[in-house]
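Note sheet for the following structure.
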Amino acid sequence: MLVSKLPNVGTTIFTRMSQLALETGAINLSQGFPDFDGPQALREAVARHVMQGRNQYCPMTGLPALRQQVAAKIVRSYGVQRDADSEITITPGATEAIFCAVQAMIRPGDEAIVLDPCYDSYEPSVELAGGRCVHVPLALPDFAVDWQRLADAITPRTRLIFLNSPHNPSGALLTRVDLDRLAELIRGRDIHVISDEVYEHLIFDGQRHASVLAHEELYQRAFVVSSFGKTYHVTGWKTGYVVAPPALTAELRKIHQYVNFCGVTPLQFALADFMAACPEHVEELPAFYQAKRDLFCDLLADSNFTFSRAPGTYFQLADYSAIRPDLDDVAMAEWLTREHGVAAIPVSVFYQSAPKDMRLVRLCFAKREETLRQAAEKLCAV
Ligand code: PMP
Ligand code: GLN
């Protein structure tokens with residue numbers, strides 16, 4: 001008889017809601033991806049490299065030129081030097097990086113702490129390594145870390161703590177003070193950190209991203225993960241990277257070389273070219289996405305949804321208590337899609353156990369102005 005290794009896992013909510021949007025013709029604000037293209041020069045570079053024959057395996061660790069561009073970007077963004085050869089690895093998506101980091105750290109019986117609501121790939125990765133996730137809810141309404149609860153959740157079996165800032169689905173940000181507290185909490189213990197920073201450049205209202213890359217003490221036990229998909233509007237390229245101290249990188253690469261061996265070669269050539277030619281792209285992202293967030297929120301101001309503007313990411317949470325308090329969020333997301341033509345993501349699916357009275361859906365605003373206007377019109381009619 002087949003006994004599943006992941007008995008509680010089904011098809012992800014992102015796949016299900018995007019599928020429902022397709023079937024119903026709804027505007028898809030569910031799964032997080034832009035409805036516009038990445039920079040033209042970047043796309044042209046891929047075509048050029050494909051035509052020039054950059055179509056065979058690249059180095060397992062990633063194309064050297066791209067790793068160097070990532071190192072240069074880290075210096076510009078965070079003022080720290082991370083070594084392109086021994087600390088930076090290019091992966092086929094942040095998801096693969098997270099998976100490999102977990103496999104490198106977790107043994108059967110180990111515990112990993114996740115802060116709920118959390119991204120859906122963390123727990124299956126931990127379970128496949130034979131570990132168990134301990135879920136610590138973030139404190140509402142701001143999705144802040146409850147330090148006492150986190151401290152109470154640490155046991156002698158704790159091996160890993162996941163961070164995610166800017167945070168999917170809430171957009172909440174960790175501060176430097178948060179990182180100091182975490183460093184203090186795990187000092188002297190055999191605990192490592194996976195810091196999921198895929199939305200590192202999507203941060204608004206003049207705030208600065210507090211990266212674990214720039215926190216020397218935490219960095220020494222961390223895997224810091226990012227995604228070119230978010231930063232360059234090309235989620236379908238599934239190309240990301242992970243930065244970790246040399247000893248951790250060496251362990252991660254032992255796994256990465258057998259999960260995938262290497263990322264896609266022409267994409268890495270193109271990204272390296274584009275990053276060299278257009279380093280200002282990342283600096284322009286906050287204003288670019290803040291304008292979208294503000295347009296969308298302004299358009300929703302007279303709706304029956306209530307919200308506070310997302311501090312980061314390209315997701316906006318919206319509370320629908322005043323509309324259909326009778327519906328749980330999964331039913332609400334489906335109802336919105338079918339009856340009102342806008343697909344959304346329910347927030348409870350990011351929890352082990354969501355608060356019973358939570359009435360939140362997540363809306364992706366990485367969309368063209370015209371899409372945001374059409375979606376907002378429909379949402380204002382709800
Ligand atoms: N972490 C978070 C928080 C995400 O939202 C995503 C988006 N898919 C990922 C990781 C995965 O990124 P990638 O598509 O590069 O694998
Ligand atoms: N990260 C994307 C989101 O949160 C989804 C990616 C996926 O479909 N796996 O919407």
Side-chain angles (χ1 to χ4, degrees), residues 9-22 28-35 38 62 66 70 89-102 114-126 138 143 162-174 193-203 209 211-212 223-243 256 259-260 263-264 267-268 271 289 310-317 329 333 337 343-351 360-367:
V9 167
T11 305
T12 77
I13 191 71
F14 309 116
T15 300
R16 284 190 280 135
M17 291 312 300
S18 276
Q19 183 61 34
L20 187 61
L22 209 63
N28 190 0
L29 304 190
S30 65
Q31 190 177 25
F33 61 86
D35 74 342
L66 182 55
V70 170
T89 307
I90 310 297
T91 56
T95 311
E96 199 246 36
I98 292 166
F99 185 82
C100 293
V102 170
V114 294
L115 301 169
D116 279 0
C118 78
Y119 190 59
D120 66 343
S121 85
Y122 304 163
E123 184 152 30
S125 303
V126 170
L138 292 166
F143 296 89
F162 283 86
L163 299 181
N164 173 212
S165 176
H167 178 242
N168 181 3
S170 73
L173 309 176
L174 292 174
V193 171
I194 293 180
S195 186
D196 181 343
E197 304 185 10
V198 299
Y199 301 103
E200 62 181 318
H201 299 296
L202 278 56
I203 183 158
H209 174 51
S211 176
V212 167
F223 297 86
V224 181
V225 174
S226 192
S227 172
F228 298 103
K230 321 291 175 193
T231 302
Y232 297 96
H233 319 303
V234 286
T235 60
W237 289 12
K238 292 300 298 185
T239 304
Y241 61 89
V242 51
V243 190
H256 161 69
V259 172
N260 237 300
V264 178
L267 300 182
Q268 294 187 45
L271 284 162
Y289 272 115
T313 74
Y314 48 42
F315 302 118
Q316 177 62 53
L317 293 186
D329 60 355
T337 311
I345 293 287
V347 170
S348 65
V349 298
F350 294 80
Y351 276 90
L360 290 175
V361 289
R362 190 196 78 177
L363 302 162
C364 175
F365 57 79
K367 305 293 166 188

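As the structure lists them, so they are numbered: ligands from 1, and atoms in each ligand from 1.
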- First locate atom CG of Leu163, then atom CG of Asp196, and finally report the distance between them rounded to the nearest 0.5 Å. 9.5 Å

- Is Lys367 close enough and on-axis enough to Phe33, meaning under 6.0 Å and within 45°, for cation-pi? yes

- Item | Single hit among Leu174, Ile203, Leu115 for side-chain contact (heavy atoms from CB on, under 4.5 Å) with Ser165 | Leu174

- Mark up the atoms of ligand 1 that fall under 4.0 Å of a heavy atom belonging to Tyr199, in ascending order. 3 (C), 4 (C), 5 (O), 7 (C)

- Query: Just how far is it from atom CZ of Arg16 to atom CD of Gln31, taken to the nearest 0.5 Å?
  - Reply: 12.0 Å

- Message: Yes or no: does Asn168 have any heavy atom under 4.0 Å from an atom of ligand 2?
- Response: yes

- Task: Heavy-atom contacts with Ser227 under 4.0 Å: which atoms of ligand 1 show up? List them by number with element.
- Result: 13 (P), 15 (O)

- Pair Phe162 and Tyr119, ring centroids less than 6.0 Å apart: no

- To the nearest 0.5 Å, how far apart are CG in Asp329 and CG in Leu360? 7.5 Å

- Strictly under 4.0 Å, does any heavy atom of His167 approach an atom of ligand 1? no

- Note: Phe33, heavy atoms under 4.0 Å from ligand 2, region reported as neither

- Task: Find all atoms of ligand 1 within a distance of less than 4.0 Å from any non-hydrogen atom belonging to Lys238, and give their numbers and elements.
- Result: 13 (P), 14 (O), 16 (O)

- Any N or O of Gly32 that comes nearer than 3.5 Å to an N or O of ligand 2? yes

- With heavy atoms of Gly93 as the reference, note each atom of ligand 1 found under 4.0 Å away. 15 (O), 16 (O)

- Measuring from Phe143:CZ to Asp116:CG, what's the distance to the nearest 0.5 Å? 10.5 Å

- Item | ligand 2 contacted by Tyr119 (non-hydrogen, < 4.0 Å) | yes

- What part of Asp196 sits under 4.0 Å from ligand 1 if we count only heavy atoms: the side chain, the backbone, both or neither? side chain

- For ligand 1, is there an N or O atom under 3.5 Å from any N or O atom of Ile98? no

- Query: Can you tell me if Met17 has a non-hydrogen atom under 4.0 Å from ligand 2?
  - Reply: no

- Query: Distance from Asp35 atom CG to Leu29 atom CG, nearest 0.5 Å?
  - Reply: 9.0 Å

- Query: In terms of side-chain heavy atoms, does Thr313 have a donor or acceptor partner in Asn168 at a distance below 3.5 Å?
  - Reply: no

- Task: Measure the CH2-CG distance between Trp237 and Leu271 for me, rounded to the nearest 0.5 Å.
- Result: 5.5 Å

- Would you please indicate yes or no on a ring centroid separation below 6.0 angstrom for Tyr289 and His233? yes

- Are Asn164 and ligand 1 in contact, using a heavy-atom cut-off of under 4.0 Å? yes

- Message: Under a 4.0 angstrom heavy-atom cut-off, which atoms of ligand 2 come close to Gln31?
- Response: 7 (C), 8 (O), 10 (O)

- Task: Considering the heavy atoms of Lys230, write down every atom of ligand 2 situated less than 4.0 Å from one of them.
- Result: 1 (N)

- Task: May I ask you to check whether Asn168 has an N/O atom sitting below 3.5 Å from an N/O atom of ligand 1?
- Result: yes

- Note on the structure: Short version for Lys238: what comes under 4.0 Å of ligand 2, heavy atoms counted, is neither

